[in-house]
Amino acid sequence: MVLTDASKIMTEALVQSGADVFIGYPITPSNLFYAYSKERFPEFLAGPDEISVLQWMCGYSAAGKIPVTATSFPGLALMTETLNMAYMMELPMVLVIVQRLGPSTGSATTGAQGDLKFLDGVISGGLPLPIFSPSNFNDAWTLANKAMKTAVEFRTPVIILTSKELVMTQKGFDMSLLEPIKKVDRTPKDFEKPFQPYKAGKDMVPTFYPLGNEKYQARFNASTHDNDGLIRKGTPESLANTWRLREKLEKRVDEFSFYELDADENATDLIVSWGVTADASRDAVKSIRDKGNKVSLLIVKTLLPVSSKIYDIIDAYKKVLFAEENMTGLYKEMIFGKRNNSKVKTATKFGGMLTPSEIVEKLYN
Amino acid sequence: METSEKILTNVKMPFCPGCGHGVGVRSTSKALENLGYGSKDVVMVSDIGCSGLVDPLFATHTIHGLHGRSPALGLGVTLGLDNSNKKVIVVQGDGGATIGLQHILEVSRRNVDMTLIVLNNLLYGMTGGQMSGLSTSNFKQFKHSDDNAEPYDIVNLAHNAGAAFSVRVNNISNFENTLKEAIETPGFSLVELSSLCTSHGMKKISELKSYIEEEEKFTNDRPVGVSLKRNTKSLLENTKILKPQYKSTITESVGVVIAGSAGGGVQSAAKMLAQAGILSGLYATMKGEYPITVGTGFSVAEVILSKKPIYFSGLEKPSVVLAVTEDGWIKVKNRIADSSKVYLDAKIKTESFFEYDIKEFLKEGGKKGAALGAISYWLDKSKIFPVEALLKVIEGSKYEDSLKKAIKSAEKFKELVYVNR
């Protein structure tokens with residue numbers, strides 16, 4: 001047993017998965033990632049601001065490396081234009097977003113789950129970005145690996161959305177529970193010749209050859225582009241290329257859709273939770289069952305895009321309670337919109353951790 | 001290097017008739033070809049604006065980024081390539097150089113091995129001829145602009161920030177040779193080339209001369225900036241393994257709140273308590289709470305010790321509160337539950353209506369040792385596990401002596417003051 005934190009576990013998992021470089025700008029509460037990465041990554045760079053950080057990452061990624069950063073909302077806000085660029089260029093990379101209480105600079109040392117809806121719309125046009133959210137130390141390990149794998153296989157930036165208490169709280173943990181991690185394979189896959197940097201096959205993901213490679217001319221482009229990677233305004237080929245960015249993630253979402261369903265036979269109530277609120281929900285479910293009542297628990301780990309499996313699970317229950325550490329239930333709003341009804345309830349908290357007893361109370365009142 | 005391959009494609013220049021950017025593009029390709037670069041030896045990084053239309057003209061690797069950010073993108077490509085046989089050339093306009101000035105200073109400061117070509121046509125061409133940060137005062141008068149700020153001297157700024165080579169060239173017949181010199185210079189080179197915008201500026205190159213800044217050229221003899229690679233060890237291997245070797249008397253779980261001030265070792269003392277709990281066969285969590293300031297204000301830590309695995313790491317009702325300073329006490333006093341045992345330092349003023357013990361934690365433990373002393377005292381009193389577990393945790397620590405002193409300070413708390421209001 002060791003006393004450790006999820007920042008350390010995630011940093012280690014990212015490196016073991018093959019991340020090459022951490023590029024960061026320090027911001028609370030992502031500072032532990034910065035510190036651990038400085039110690040662990042094969043390469044570490046301190047950027048002068050978050051726009052530079054993500055631009056440098058794009059350069060590294062286009063040159064064939066896998067970069068990682070960690071930041072919080074103020075940094076993410078500065079990165080937004082470049083995040084769109086990375087998405088459009090189809091550059092693999094991982095961004096760890098440690099949520100803190102907003103709006104604006106808010107309270108840097110208070111946790112929150114307030115950035116989900118921003119991320120839902122962060123790619124202009126409403127295109128989906130893969131968002132993973134670990135619910136405990138084990139997830140921190142496995143999802144960091146899955147994030148790397150998804151980033152490479154789907155040629156996309158991937159977000160790991162977490163929050164202060166989940167990555168800074170120390171917990172006793174048995175490291176032998178961690179499954180060995182395999183380095184993500186970066187061998188370029190076969191393609192139909194001639195090589196075109198943005199021509200995709202059936203899997204909808206173009207073969208990646210980095211800038212500077214000796215075989216093929218590599219082109220990357222942030223503007224609407226054709227299969228050759230050249231700017232084309234409104235041609236069927238260039239628009240299809242942008243359309244493909246949505247399809248490659250939404251049509252194949254079940255390849256990277258992770259969740260944990262603790263189903264209670266014949267239960268009609270379901271608690272849905274994610275991230276830092278998941279452990280409070282696990283305790284809430286235990287106390288409900290200890291009293292002889294029935295309840296199921298769904299912990300969502302791939303928040304976006306939403307898999308139809310998530311809808312199917314939710315649809316099977318008569319009452320669904322969303323437990324989240326924000327004002328109105330942001331994941332709930334993604335599934336059901338802003339309007340509540342007799343079936344949909346929320347247990348939310350702003351400025352502090354939602355507790356198991358608060359979740360239980362909301363389910364029955 | 002493959003000298004036979006052409007740097008340019010056969011694609012027609014996309015610029016307006018008479019635009020100066022074509023000269024910049026041709027001079028760049030000639031400079032590269034004359035230096036022996038083949039198409040796959042070069043990465044062209046382009047920006048937004050008219051200068052950003054260059055990608056299809058080059059048979060090299062290309063990457064087309066955002067407005068003003070191409071020097072930062074180029075820096076990432078250069079360091080990411082990690083291959084000194086490849087040449088990264090970044091092209092941007094005066095608008096890009098304005099919005100991304102920070103990136104130019106940063107790449108100069110780091111002296112990363114790449115060349116930035118700033119095609120300065122004195123204005124934003126694509127959006128209607130507005131003034132940029134590199135528009136000269138004379139040109140602003142010509143355009144009847146109300147803005148009378150002097151332009152950035154980007155060449156001098158790059159030089160002062162540490163660029164190996166920075167130069168402004170106005171005479172187009174010198175473009176190619178200057179570019180060769182820049183490309184051959186190890187480290188960061190910036191070449192500002194004057195360019196004509198026939199759509200929004202003047203029509204003839206002869207008219208441009210009186211509107212542009214004078215030529216200048218600087219060098220810095222500095223080492224080339226690189227990114228260091230290193231072999232590192234697993235973070236998990238470096239984490240201390242805690243094997244249970246003491247016994248605990250608790251059957252359920254105990255939540256301890258330790259409250260003090262920044263710099264008082266509250267967080268590390270709490271961590272030691274959690275570690276000692278694990279050494280005593282318990283599950284443990286430690287959660288910190290503090291303001292953003294590091295050296296001032298409250299510092300609160302919550303430790304949960306439990307016989308069973310712990311999921312929720314928050315603490316709804318603390319079993320024990322140990323407050324060693326007023327700052328810390330103010331932060332936690334509203335969280336006291338009926339069942340909470342409270343231990344306060346003698347200096348803390350309180351009028352609360354509950355039972356508490358007063359101890360001279362600060363006096364005996366000192367500013368840095370009070371929190372650890374308080375934990376040690378409570379452990380000894382509650383007997384949930386032996387104080388030896390705490391001593392085991394600090395074994396081999398750099399500060400072992402002073403930590404031991406803090407733990408032992410608890411033995412001096414002889415006089416018990418019992419208060420019940």
Side-chain angles (χ1 to χ4, degrees), chain A residues 1-4 8-9 11-12 15-16 21 28 36 39-43 45 48-49 51-52 55-65 81-82 85 89 108-109 136 165 168-172 175 211-214 217-223 229-231 279-280 282-283 353 355-357, chain B residues 39-40 43 45 53 55-56 59-66 69 72-83 86 102-103 106 227-236 239-244 271 274-275 277-278 282-292 310-314 316:
Chain A
M1 190 86 91
V2 296
L3 188 70
T4 190
K8 188 186 262 190
I9 290 173
T11 306
E12 183 61 32
V15 174
Q16 288 195 21
V21 57
T28 307
Y36 289 134
E39 191 183 330
R40 181 64 174 108
F41 267 73
E43 211 177 329
L45 283 173
D49 60 87
I51 295 176
S52 300
Q55 284 288 334
W56 295 5
M57 283 172 65
C58 289
Y60 265 86
S61 183
K65 303 285 172 69
E81 190 192 15
T82 305
M85 176 178 106
M89 287 183 172
T109 51
N136 56 23
E165 306 304 356
M168 294 191 94
T169 297
Q170 304 263 325
K171 272 190 168 187
M175 289 196 302
L211 292 173
N213 84 85
E214 302 293 343
Q217 180 192 28
R219 290 193 193 270
F220 294 87
N221 206 320
S223 300
L230 293 171
I231 297 180
D279 267 340
R282 288 183 179 110
D283 276 351
M353 291 179 88
T355 66
S357 54
Chain B
S39 60
K40 296 210 178 58
V43 179
V45 183
L53 299 173
D55 289 47
T60 62
H61 299 291
T62 62
I63 180 164
H64 174 68
L66 302 182
R69 311 297 166 202
L73 181 59
L75 182 151
V77 172
T78 308
L79 296 180
L81 277 174
D82 198 22
N83 182 344
K86 304 287 169 185
Q102 159 77 34
H103 305 309
E106 183 68 19
S227 173
L228 297 175
K229 317 278 189 303
R230 66 265 169 96
N231 289 319
T232 60
K233 278 187 186 163
S234 165
L235 292 169
L236 305 183
T239 308
K240 198 172 173 180
I241 308 265
L242 303 162
K243 281 190 185 146
K271 193 174 166 182
Q275 287 173 318
I278 296 171
L282 299 173
Y283 289 90
T285 68
M286 195 288 275
K287 183 164 90 72
E289 198 193 350
Y290 31 81
I292 195 73
I310 305 161
Y311 294 106
F312 180 59
S313 62
E316 296 197 62

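Excluded from the calculations below are hydrogen atoms, water molecules and symmetry mates; all remaining heavy atoms, backbone and side chain alike, are included. In this text, all values refer to a predicted model and were calculated from it rather than measured experimentally.
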*Among side-chain atoms of Lys8(A) and Thr239(B), is any donor-acceptor pair under 3.5 angstrom?*
yes
*Closest approach of Gly288(B) and Glu165(A), non-hydrogen atoms and distance?*
O-OE1, 4.4 Å
*asked:* Using only atom types and a distance under 3.5 Å, with no angle test, would you say the side chain of Glu214(A) pairs donor to acceptor with the backbone of Lys40(B)?
replied: no
*Taking the side chain as every heavy atom from C-beta outward, state whether His103(B) and Ile51(A) have any pair of such atoms under 4.5 Å apart.*
yes
_Ile241(B) and Met175(A), any side-chain heavy atoms less than 4.5 Å apart_ = yes
*With a 4.5 angstrom heavy-atom cut-off, which part of Ser61(A) approaches chain B: side chain, backbone, both or neither?*
neither
*At a heavy-atom separation under 4.5 Å, does Met57(A) approach chain B through its side chain, its backbone, both, or neither?*
neither
_Closest approach of Gly172(A) to Ile278(B) (non-hydrogen atoms, all atoms of both residues)_ = CA-CD1, 3.6 Å
*asked:* Return the CE to CZ distance between Met85(A) and Arg69(B), rounded to the nearest 0.5 Å.
replied: 10.5 Å
*Which region of Gln275(B), side chain (C-beta onward) or backbone (N, CA, C, O), has a non-hydrogen atom less than 4.5 Å from a non-hydrogen atom of chain A, or is it both or neither?*
both
_Lys65(A): which residues meet the side chain to side chain donor-acceptor pair (under 3.5 Å) condition with it, sequence neighbours left out?_
none
_Top contributor to chain B contacts, counting heavy-atom pairs under 4.5 Å, from Ala280(A), Pro356(A), Ala108(A), Ala222(A)_ = Pro356(A)
*Counting only heavy atoms closer than 4.5 Å, note whether Lys271(B) contacts chain A via side chain, backbone, both or neither.*
both
*Heavy-atom distance under 4.5 Å to chain A: side chain of Leu242(B), backbone, both or neither?*
both
*Is it the backbone or the side chain of Arg282(A) that comes under 4.5 Å from a heavy atom of chain B, or both, or neither?*
side chain
*Report, as yes or no, whether the 6.0 Å neighbourhood of atom OH on Tyr311(B) holds more than 12 heavy atoms from other residues, nucleotides or ligands.*
no
_Can you confirm whether the side chains of Glu12(A) and Ser234(B) place a donor and an acceptor under 3.5 Å from each other?_
yes
*Under 4.5 Å from any heavy atom of chain A - which part of Lys86(B)*: side chain
_Ser223(A) portion near chain B, given a 4.5 angstrom heavy-atom threshold_ = both
_Side chain, backbone, both or neither of Ile310(B) within contact of chain A (heavy atoms, under 4.5 Å)_ = backbone
_Do Phe220(A) and His61(B) have side chains that approach each other closer than 4.5 Å (heavy atoms only, starting at C-beta)?_
no
*asked:* Checking the side chain of Lys287(B) only, and the main-chain atoms of Lys171(A) only, is there a donor and an acceptor separated by less than 3.5 Å?
replied: no
*Measuring from Lys240(B):NZ to Met1(A):CE, what's the distance to the nearest 0.5 Å?*
15.5 Å
_Between Ser52(A) and Gln102(B), do the side chains contain a donor N or O and an acceptor N or O under 3.5 Å apart?_
no
*Ala63(A) and Gly80(B): which non-hydrogen atoms are nearest, and at how many Å?*
CB-C, 3.7 Å
*Is the closest side-chain heavy-atom distance between Tyr290(B) and Thr109(A) below 4.5 Å?*
yes
*Between Leu3(A) and chain B, which part of the residue has a heavy atom less than 4.5 Å away: side chain, backbone, both or neither?*
both
*Do Gln217(A) side-chain atoms and Thr60(B) backbone N/O form a donor-acceptor pair below 3.5 Å?*
yes
*Select one option (side chain, backbone, both, neither) describing which atoms of Asn231(B) are under 4.5 Å from chain A's heavy atoms.*
neither
_Heavy-atom proximity to chain B below 4.5 Å, by part of Ala218(A)_ = both
*Less than 4.5 Å apart, any side-chain heavy atom of Leu66(B) and any of Gln55(A)?*
yes
*Set of residues satisfying side chain to side chain donor-acceptor pair (under 3.5 Å) with respect to Arg219(A), sequence neighbours excluded*: Thr62(B)
*Interface residue of largest heavy-atom contact number with chain B, from Ala62(A), Cys58(A), Ser357(A), under 4.5 Å*: Ser357(A)
*Contacting moiety of Asn136(A), where chain B heavy atoms sit under 4.5 Å*: neither
*Do Leu230(A) and His64(B) pass the side-chain contact (heavy atoms from CB on, under 4.5 Å) test, and can you show the C-alpha distance, the side-chain angles, and the key distance before you say yes or no?*
CA-CA 9 Å; Leu230(A) 293 171; His64(B) 174 68; over 6 Å; no
*So which of Ile9(A), Thr169(A), Ile231(A) has the biggest tally of heavy-atom pairs under 4.5 Å with chain B?*
Thr169(A)
*Do you know the tightest heavy-atom contact between Met89(A) and Gly65(B)?*
CE-CA, 3.9 Å
*Output the distance between atom OG1 (Thr82(A)) and atom CG (Leu73(B)), rounded to the nearest 0.5 Å.*
9.0 Å
*asked:* Under a 4.5 Å cutoff for heavy-atom pairs, which residue among Leu228(B), Ile63(B), Leu235(B), Asp55(B) has the most contacts with chain A?
replied: Leu235(B)
*Max heavy-atom pair count under 4.5 Å with chain A, selected residue of Leu81(B), Thr78(B), Thr232(B)*: Thr232(B)
*Looking at Met168(A), Glu43(A), Glu81(A), which makes the most heavy-atom pairs under 4.5 Å with chain B?*
Glu43(A)
*By a 4.5 Å heavy-atom criterion (distance strictly below it), what part of Pro244(B) contacts chain A: side chain, backbone, both, or neither?*
neither
*Under 4.5 Å between any side-chain heavy atoms of Thr355(A) and Phe312(B), yes or no?*
yes
*Answer whether the closest heavy-atom distance between the side chains of Tyr60(A) and Ser227(B) falls below 4.5 Å.*
yes
